[in-house]
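Below is one structure, written out as structure tokens, with a few remarks after it.
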Amino acid sequence: MAEGYKIPRGTFDILPSESYKWNYVMATFRRIAESYGYHQITTPIFEQSDLFERSVGDATDIIQKEMYRFQDRKGRSLALRPEGTAPVVRSFVENNLLYEKKGNRLYYMGPMFRYDRPQKGRYRQFYQYGVENFGSDHPYIDAEVIALGYSFLKELGLTDFSLEINSIGTAKSSEVHNAALSAYFEPHLEELCADCRTRLNKNPKRLLDCKVPSCRAIAGNAPSMLAYLDEESAAHFARVQEYLTLMEIPFTINPTIVRGLDYYSKTAFEYINNNLGSQNALAGGGRYDTLVEQLGGKATTGIGFAGGFERLILSMEQENLSFGEVPHPRIFLVSLGDEAEKTAIKLLTDLHNAGISAAFDVDKTTLNAQMKAAGKSDTDFTGIMGDDEIKSGKISLKNMRSGEQILIPINELITFLKKN
RNA sequence: GUGGCUGUAGCUCAGUUGGUUAGAGUGCAAGAUUGUGGAUCUUGAUGUCGUGGGUUCAAGUCCCAUCAGCCACCCCA
């Protein structure tokens, strides 16, 4: 480390002692997604930059200041993906997945990149899981996608979160609402905070959940999003709620949920954990009925959500939840003397070939040191071999949890370990 | 991108108004224990005091810059 290299800002290593947590949540997500009939899709971590500019929205912070953009040697403008939906839609269109058996229920996991100021729960390279469902605009599908996310969080044991849903209507009704908001806030321009003044032009809906008290007071009487829903969106939203109720999924309606990406329409939802500090969104998503067509595909509706693994693990740690079994060897071999060491190494090879995790510490020679190493490894069993055992072809097997010790023939060890 | 707090051993942290060889707990290693781990005891190793500059006879301590983490804003996963 003479050079003192340091990890880039906002990134982190997943160290060996933490990896099992990541594997656990990833495996759980995969299991839940597959139980809902979803199939995994993996897309590159970089794409043409205009894929994101056109879908996420030119004016959004994600595109304006957070995207890692670069040129390759041929001058192509590429970007490290800041989110997962656009690439999946790109692949869906490019590969005509609409016509594939496994094409319209997709899930993905992988790193995303956003040049943000790092904070707990917010990183420049972060890992997301998500699902996308194409081809049906039935409100049941909305409820099912929401249910998938809900089941996942529940399956992990999380309880400190809430599901908030909203409908942002169609692009048309949203425009009308924006106009109404502008008309409403315009006269109050002087009283608004600096952020809200820029929001007024960029995205008036954002004024609705400003945290500044003076803005809040004004926003209190502002025209609500729900009041401006077109008939179809309103009916759709009502039915989504009916299905969620039928599925016994608790939710609250939060008319200030906006979502930061341009492509959303109708249903929008977030899973919020209020103990996480200011980065409190566990996952979020919504319907995007025009995105596929916008990206050059046949008009196809879609809905999906994405969540961050970092915040998930943080929440689980806060709630003291289990990440499954901590990896440890099944058996640790201890040998005394040269003959025994040879036997141990042969046995170790057999164990590895049988797919049993087995450990051995050649550097430690005394029994005591080896036993200590065995204890530290958190092994289930320790197999001890000395002169006595070698002569009789047996191994002393100590159960490290109970302390019990038995003597069994070496050639029965693998069978024994598979059974116990 | 804005404002604030912090940075000393692998980890958690102490370090008095600037003063000589920078400490503790934990973890790590060895031994007590050359056929039995987890408890206890003994001993031991480990620090560019985030980095770079400055002030000073003297800087972990003061000043400036820089990097990083955290908190709030912003944004969002």
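Chain identifiers are assigned alphabetically (A, B, ...) following the order of the sequence lines, protein sequences preceding nucleic acid strands; residue numbering begins at 1 within each chain.
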Counting only side-chain nitrogens and oxygens, does [X] get under 4.0 Å of the OP1 or OP2 atom of [N]?
X	N	value
A/Arg259	B/A77	yes
A/Arg199	B/C74	yes
A/Arg124	B/A68	no
A/Ser278	B/A72	yes
A/Arg9	B/G69	yes
A/Asn368	B/G37	yes
A/Gln119	B/A72	yes

Side chain of [X]: nearest nucleotide among [options]?
X	options	value
A/Lys364	B/A77, B/G35, B/A30	B/A30
A/Pro118	B/G37, B/C75, B/C70	B/C70
A/Lys211	B/C74, B/U36, B/C70	B/C74

For A/Asp387 and for A/Lys120, locate the closest nucleotide of RNA chain B by heavy-atom distance; then report the residue assigned to the nucleotide nearer the 5' terminus.
A/Asp387
At their closest point, which heavy atom of A/Leu276 faces which heavy atom of A/Leu314, and how far apart are they?
CD2-CB, 4.0 Å
Quiz item: cation-pi between A/Arg330 and A/Phe381, 6.0 Å / 45°:
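Checked: cation-pi criterion not met.
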side-chain contact (heavy atoms from CB on, under 4.5 Å) assessment of A/Ile168 paired with A/Met225
CA-CA 7 Å; A/Ile168 56 178; A/Met225 218 181 293; 3.4 Å; yes
